Amino acid sequence: MQKLVIEGGVPLEGDIFLHGAKNSALPILAGVLLCDGETVLENCPRLTDVFAACRILTHLGCRCMIQEHTVTVRVCDLRSDTIPEALMQEMRSSIIFLGAVLGRTGACHVSYPGGCELGPRPIDMHLDALRQMGAHFTIHGGQLDCTAPEGLHGAKIHLPFPSVGATENVMLAATLAQGRTVLHNAAREPEICDLASFLRTCGAKISGDGESTIVIDGVEKLRGGTYSILPDRIAGVTYLGAAAITGGTVCLRGISARPLENMLPVLEQAGCRVYPEPDRMHLLAPRRLRAVPLIRTMPHPGFPTDAQAIFMAMLSLADGVSVLEENIFENRYRHVDALVKMGAKIHVSGRIAVVTGVRSLSGASVAATDLRGGAAMVLAGLAAQGRTEIRQISHIDRGYETIETVLRSVGGRVTRVDDDN
Ligand code: UD1
């Protein structure tokens, strides 16, 4: 077990190079299963979730090679359509393999995903959609057995909510299905578009991604290709937030304004100045951040739930009262206790969190509760007076590649040490 130790109070200055998006890499790695031959994924982040996805591919019979930020996968004959429970547990998003395995082999056996740190993680929309495409499910003893004896076929599907995972599972299942699938109320996140463009690179016929209706015309086969994964906008806004909370100036390299456009106006409202260039983004923080009256998390293009904890950490030091409303996940305020322990004034009632900005935070010993909540603690630690220790950093390692190295490169005093307790 390891922990991060942060000596706060240093404004971050310098350039940060952004890694590829976790939330693109995972569904794209599932999509590789649909391709014959060799697929090369570039700009693939070196994250524990990505390594877990590669272990699933290897278990299913693929040959995976990871070299720096390139993952090469060779799909021969799949030797299994079962993902063992231990592998399913390693990564909460492993349900994303369901549509791909089912689409490729006509069957898939997985353990039923339990709850997670963000609350219950239901998959009813995934199953309903796949059922409409000809899949049958039996669920017993925590095991989910799916078959499509006659193969999957296209369908007209309307999602009750634009779920990212359900949209991806339908896209993956529909790519090799017979006929046309029309998916209404689809999720519109940039990572959905990234999955669609990867699949198109390999020969899929998909249009409408980025809009609410996605149309997929099934094809007989996909051939592997070379594809470069989109930069991680959430890691990006985390590092911009780290600069903002410490009163620093950073240049985020490798990302344009577009994928950040639902978050940049909020940074500006908080008093930051942002200067976008085609392939980079500069942020200049004010001496003290300003409160933001209301941030409501919504499906894309609304404000992303994945950035809620990051902004909460920043606003805990802002001048005035900010209100956050979490509308996507039930249990996404678990980082609040740690921030309060560090001196933040936050009151939570149901979906609403009221943050009354304080003048300073003080270092404390805390434990990461989930990926983005852990990142929020890192931001608070960077700005706090004194020393912060963050335990349970395996949560953080799921989504940030060596966060301590990145932050040290811009002056943050962050080290990773073995946690002996
Ligand atoms: C993805 C992202 C995650 C992000 C989330 C919302 C990945 C790997 N993860 O998660 O980082 O926070 O989108 O932007 O891309 N729901 C149901 N039934 C379902 C499916 C979802 O009730 O069948 C609910 C969920 O409980 C949640 C909401 O819908 O309350 C949104 O979930 P969804 O968009 O599916 O998120 P994920 O794909 O799990």
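Order of listing sets the numbers, starting from 1, for every ligand and every atom in it. Computed from a predicted structure; not experimentally measured.
- Annotation: Met125 places an N or O atom under 3.5 Å from an N or O atom of ligand 1; distance criterion only.
- Residue-level proximity to ligand 1 for Leu127 is absent, since no heavy atom of it falls below 4.0 angstrom.
- Considering both main-chain and side-chain atoms, Lys22 never comes within under 3.5 Å of ligand 1 through any nitrogen or oxygen pair.
- Between Glu191 and Arg233, at least one side-chain nitrogen of the basic residue sits less than 4.0 Å from a carboxylate oxygen of the acidic one, meeting the salt-bridge criterion.
- On a distance-only criterion, Ile328 and ligand 1 share at least one N/O pair closer than 3.5 Å.
- Neither the backbone nor the side chain of Arg372 comes within contact range of ligand 1; no heavy atom lies under 4.0 Å.
- Using a non-hydrogen distance threshold of 4.0 Å, Arg398 does not register as a contact of ligand 1.
- Looking at Ser93 next to ligand 1, no N or O pair under 3.5 Å apart turns up.
- At least one N or O atom of Val164, backbone or side chain, sits closer than 3.5 Å to an N or O atom of ligand 1.
- With Leu283 as the partner, the side-chain contact (heavy atoms from CB on, under 4.5 Å) test is satisfied by one option alone out of Leu264, Leu267, Thr249: Leu267.
- At a threshold of 4.0 Å, the pair Asp397-Arg46 does not count as salt-bridged, since none of the basic side-chain nitrogens sits closer than that to a carboxylate oxygen.
- Using a 4.5 Å heavy-atom threshold, the side chains of Phe17 and Leu252 count as separate.
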### Task
Walk me through it: do Asn43 and His69 pass the test side-chain hydrogen bond (donor to acceptor under 3.5 Å, both in side chains)?
CA-CA 5 Å; Asn43 200 32; His69 292 91; over 6 Å; no
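- For ligand 1, the atoms closer than 4.0 angstrom to any heavy atom of Arg332 are 12 (O).
- Here the side chains of Val414 and Leu382 are in contact, with some heavy-atom distance below 4.5 Å.
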### Query
Passes side-chain hydrogen bond (donor to acceptor under 3.5 Å, both in side chains), Thr305 versus Glu326? Steps please.
CA-CA 7 Å; Thr305 173; Glu326 173 56 56; 3.1 Å; yes
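- Heavy-atom proximity to atom 26 (O) of ligand 1, evaluated over Ser24, Pro122, Ala53, is greatest for Pro122.
- With a 6.0 Å radius and a threshold of 12 heavy atoms from other residues, nucleotides or ligands, His158 has its NE2 atom above the threshold.
- Contacts between Asp124 and ligand 1 below 4.0 angstrom, taking non-hydrogen atoms only, involve backbone and side chain alike.
- Note that the CG atom of Asp128 and the CD1 atom of Ile157 stand 10.0 Å from one another [nearest 0.5 Å].
- Taking every non-hydrogen atom of Gly165 and a distance limit under 4.0 Å, the qualifying atoms of ligand 1 come out as 35 (O), 38 (O).
- To the nearest 0.5 angstrom, Glu168 atom CD is 4.0 Å from Ile192 atom CD1.
- Considering backbone and side-chain N/O atoms, Phe329 never comes within less than 3.5 Å of an N/O atom of ligand 1.
- Of the polar atoms of Glu168, none of the N or O atoms is found under 3.5 Å from an N or O of ligand 1, judged by distance alone.
- Using a 4.0 Å heavy-atom cutoff, His126 is listed among the residues neighbouring ligand 1.
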